[in-house]
Q: 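Quick one: this structure, given as structure tokens, is what I'll be asking you about.
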Amino acid sequence: MDMERTNTDNTELEKTESKNFIEQIIEKDLEEGRFDHVQTRFPPEPNGYLHIGHAKSILLNYGLANQYHGKFNMRFDDTNPTKEKEEFVESILQDIKWLGADWEDRLFFASNYFEQMYEAAVKLIKKGKAYVCDLSAEEIREYRGTLTEPGKNSPYRERSVEENLDLFENMKNGVYQDGEKVLRAKIDMSSPNINMRDPIIYRVAHMTHHNTGDKWCIYPMYDFAHPIEDAIEGITHSICTLEFEDHRPLYDWVVNELEYENPPKQIEFAKLYVTNVVTGKRYIKKLVEDGIVDGWDDPRLVSIAALRRRGFTPESIKMFVELCGISKSNSSVDYAMLEYCIREDLKAKKPRLMAVLDPIKVIIDNYPEDQVEWFDVVNNVECPELGTRKVPFCKELYIDRDDFMEEPPKKYFRLFPGNEVRLMNAYFVKCVDYKKDKNGKVTEIHVTYDPETRSGSGFTGRKVKGTIHWVSARHGIQSEVRLYENIVDEEKGKLNEDGTLNLNPNSLTVLKECYIEPNIADVKPEDKFQFVRQGYFCADLKDYSSEKPVFNRIVSLKSSFKLPK
């Protein structure tokens, strides 16, 4: 009996230890009755496209809501009209749907709460907890103090409640110019936490808002608006990244002073940093404006839209986020881990085709001129249910230039004068001659084939060490293939001395004379394949058409990344 109890206790201990720290906090809150349900949210500001780091937050918040049978809110934190656009709203909604986070009918905009936020500010003024300040932005910084020295009170801090109410209403009515007056919370200018030194909670900004138009000329600051949004929506756990940890006392101050019942709890977790990528919005914006990339969804970027266009799948991104885990300590993850995840996701569920990216023509001298054979080829040996396909074979083929050498080194087993190789899924061929142009570039290879060596015939007469892929010159579909590399290289330093990005000049290679077997005829944008011996590829979401096939390399076949044991 004691042994059974011990085993049960150990099992329960293992379950507890497997929970991340956020799950442990939530379960404790539920057990102690602080909350009787779980409600989370994802609150992006619509001032750019989401990136791989946001995917972690989306999947975490959505996953927790599902795990605890709660609710998930999709909310736009659109309180700053300076940089927000409808384009970004639409792209964010598409990205979140694509990742699989379903907010059902729970789509919200912070700007719809502007009236309640204004009333909340009035309430603070009436409580003597907020005042209108005439100091300039520079003067406010000077008065704030430093990490080692306390700040000093604004000369406008002791205005009466009545005067503050009048001034704040005049701010709302457009009496003042931008920057002329602000509303500040009255907390403690000597607080060791600079965020608590009478922070600005409202500013004047005569700007048109994407949602409310010109109705407002004052806008709440993020640290004031965000806790109000959470409280209005009934969020229980406001999960955010680690840089907001120092802002948590202000978050708690706002919801407590405004006397919300069951106020939300803020929990911080570590951001997701990935090496050799660019996530900063101002850097991406400049890359777009300078024409270095062709938009926020350029496949060299790691915006969610760019990853989708590159050919990554929601499943691969979820795997990546799970491998990264949830912690309180900032750390960096190698981009190779993300590549590992897409390889793992695609290798057993996508067909494999033959594609020649750098073609050189091969002529089979002893093959009948007008004959065409069709070989039955397995689509993916790791996934038999994907079936087989017919691949045409004729006298003239293309192979990759790397698969032929005039004077090969030792242990080169591909095609060279006098050597015999297997054409994948077809016959043995032997190189008997080749031709070059006036610049010495090989333009044509002549071979002979042995009809007894047909693939699947059971031929055992001799063996060859090399197998190469090929495409029928008569049937192959000419395509454009884009090969992508990291847009920056952190080993050389992500930034130059002048603060600009240290760009990789070889981040994009466009190959326009590629030939792919004709089974791509019915391909649609976003369809994915393994091109045998080349890597995983995706039909480009924007540029692919049957008249102009365009494929993006998602990732090569080889990986330097290994999962830690």
Side-chain angles (χ1 to χ4, degrees), residues 311 350-365 367 372-375 377-380 389-406 408 412-416 419-431 434-437 441-447 449 455 464 466-484 508-523 527-540 544 546-558:
K350 293 299 176 183
R352 299 173 184 181
L353 305 178
M354 291 191 288
V356 175
L357 306 190
D358 186 9
I360 184 171
K361 182 168 281 190
V362 172
I363 299 173
I364 307 173
D365 290 342
Y367 195 87
V372 176
E373 294 182 80
W374 293 83
F375 293 97
V377 179
V378 174
N379 283 323
N380 187 334
R389 67 189 188 281
K390 298 282 188 181
V391 178
F393 182 89
C394 60
K395 185 179 183 72
E396 295 189 358
L397 312 171
Y398 290 115
I399 68 169
D400 263 302
R401 190 167 293 277
D402 284 348
D403 286 335
F404 174 80
M405 292 188 76
E406 298 174 72
Y412 181 86
F413 300 122
R414 285 170 275 177
L415 203 57
F416 56 86
N419 192 43
E420 189 173 43
V421 299
R422 173 175 287 285
L423 294 177
M424 188 176 290
N425 303 304
Y427 295 103
F428 289 8
V429 295
K430 184 176 183 178
C431 178
Y434 59 93
K435 294 181 180 179
K436 299 196 289 188
D437 61 19
K441 183 178 182 180
V442 176
T443 58
E444 198 174 276
I445 302 168
H446 286 261
V447 301
Y449 89 114
S455 182
V464 292
T467 299
I468 62 177
H469 64 282
W470 51 274
V471 170
S472 164
R474 188 190 305 181
H475 304 88
I477 296 177
Q478 185 174 335
S479 305
E480 178 179 310
V481 172
R482 299 168 181 173
L483 307 179
Y484 296 100
L508 171 62
T509 301
V510 179
L511 307 174
K512 293 184 177 290
E513 298 287 331
C514 304
Y515 290 90
I516 303 173
E517 63 174 82
N519 289 289
I520 64 164
D522 297 325
V523 163
D527 283 353
K528 300 167 184 65
F529 315 89
Q530 183 191 121
F531 288 167
V532 176
R533 296 176 57 219
Q534 305 281 10
Y536 292 97
F537 290 76
C538 174
D540 189 80
Y544 183 91
S546 56
E547 295 77 24
K548 184 192 174 186
V550 177
F551 293 91
N552 301 326
R553 183 173 66 187
I554 309 169
V555 66
S556 63
L557 293 177
K558 294 181 180 179

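Values in this document were obtained by computation on a predicted structure and should not be read as measured data. Heavy atoms only: backbone and side chains are in, while hydrogens, waters and symmetry mates are out.
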Q: Taking it one step at a time, do Lys395 and Ile363 satisfy side chain to side chain contact (heavy atoms under 4.5 Å, CB included)?
A: CA-CA 6 Å; Lys395 185 179 183 72; Ile363 299 173; 4.2 Å; yes

Q: If I take atom NE2 from residue His446 and atom CG from residue Asp365, how far apart are they, to the nearest 0.5 angstrom?
A: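 The CG atom of Asp365 is 5.5 Å from NE2 of His446, to the nearest 0.5 Å.
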
Q: How far apart are the closest heavy atoms of Lys350 and Asn380, and which atoms are they?
A: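 Taking Lys350 first and Asn380 second, the nearest heavy atoms are O-ND2, 2.9 Å.
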
Q: Test Tyr536 against Leu557 for side chain to side chain contact (heavy atoms under 4.5 Å, CB included), laying out the working first.
A: CA-CA 7 Å; Tyr536 292 97; Leu557 293 177; 3.8 Å; yes

Q: What is the distance from atom CZ of Phe375 to atom OH of Tyr427, rounded to the nearest 0.5 Å?
A: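 Reported to 0.5 Å precision, the distance equals 4.5 Å.
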
Q: Heavy atoms only: give me the nearest Arg352-Val532 pair and the separation to one decimal.
A: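 Scanning both residues, the minimum pair turns out to be CB-CG2, 4.1 Å.
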
Q: Counting only N and O atoms by type, is there a donor-acceptor contact under 3.5 Å from the side chain of Glu396 to the main-chain atoms of Ala473?
A: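 It does not hold such a pair.
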
Q: Taking the six-membered ring for Trp, are Trp374 and His475 parallel (under 30°), tilted (30 to 60°) or perpendicular (over 60°)?
A: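 It falls in the perpendicular class, over 60°.
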
Q: Would Met424 and Val391 count as a side chain to side chain contact (heavy atoms under 4.5 Å, CB included) here? Give the steps.
A: CA-CA 11 Å; Met424 188 176 290; Val391 178; over 6 Å; no

Q: What are the two closest non-hydrogen atoms of Ile554 and Gly311, and how far apart are they?
A: CD1-O, 3.6 Å

Q: Count the heavy atoms of every other residue, nucleotide or ligand shown that sit under 6.0 Å from CG of Asp437, and state whether that count exceeds 12.
A: yes

Q: From the options Tyr434, Tyr398, Phe416, select the one residue that forms a ring-ring contact (aromatic ring centres under 6.0 Å, His included) with Phe404.
A: Tyr434

Q: Is any side-chain heavy atom of Lys436 closer than 4.5 Å to a side-chain heavy atom of Val442?
A: yes

Q: What heavy-atom pair brings Ile364 and Cys394 nearest, and what distance separates the two atoms?
A: CD1-O, 3.8 Å

Q: Let me confirm one number: the CZ-SG distance from Arg482 to Cys514, rounded to the nearest 0.5 Å.
A: 11.5 Å

Q: Looking at Leu511, Asp540, Val550, which hits side-chain contact (heavy atoms from CB on, under 4.5 Å) with Glu480?
A: Val550

Q: Do the non-hydrogen side-chain atoms of Ile399 and Ile360 ever get within less than 4.5 Å of each other?
A: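 A side-chain contact under 4.5 Å exists here.
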
Q: Please report the interatomic distance NZ(Lys512) to CD(Gln478), rounded to the nearest 0.5 Å.
A: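 Separation between the atoms: 10.0 Å.
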
Q: Please tell me if the side chains of Phe529 and Val523 come closer than 4.5 Å, counting only heavy atoms from C-beta onward.
A: yes

Q: If we check side-chain hydrogen bond (donor to acceptor under 3.5 Å, both in side chains) with Arg414, which of these qualifies: Asp400, Asp403, Asp402?
A: Asp403

Q: Specify the closest pair of heavy atoms between Ala355 and Ile516, including all atoms of both residues, with the distance to one decimal.
A: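 Looking at all heavy atoms of both residues, the shortest contact is CB-CG1, 3.8 Å.
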
Q: Are Pro549 and Ile477 packed together at the side-chain level, in the sense that at least one heavy-atom pair is separated by less than 4.5 angstrom?
A: yes

Q: Could you tell me if the side chain of Phe393 sits less than 4.5 Å from the side chain of Leu423, heavy atoms only?
A: yes

Q: Go through Phe551 and Gln534 one step at a time and tell me if the side chain to side chain contact (heavy atoms under 4.5 Å, CB included) criterion holds.
A: CA-CA 12 Å; Phe551 293 91; Gln534 305 281 10; over 6 Å; no

Q: Between Val471 and Gly476, which heavy-atom pair has the shortest distance, and what is it?
A: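 That closest heavy-atom pairing would be CG1-CA, 3.5 Å.
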
Q: Would you mind reporting whether Val429 and Val362 have side-chain heavy atoms less than 4.5 Å apart?
A: no

Q: For the residue pair Leu483 and Phe537, establish whether any side-chain heavy-atom pair is separated by less than 4.5 Å.
A: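 A side-chain contact exists here, since the closest heavy-atom pair is under 4.5 Å.
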
Q: Hey, does Lys361 have a side-chain heavy atom less than 4.5 Å from the side chain of Lys435?
A: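 Not touching, per the 4.5 Å side-chain cut-off.
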
Q: How many angstroms lie between atom OH of Tyr412 and atom CG of Asn419, to the nearest 0.5 angstrom?
A: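 Here the rounded value is 9.0 Å.
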
Q: Taking atom CG of Leu397 and atom NE2 of His469, what is their separation to the nearest 0.5 Å?
A: 12.0 Å

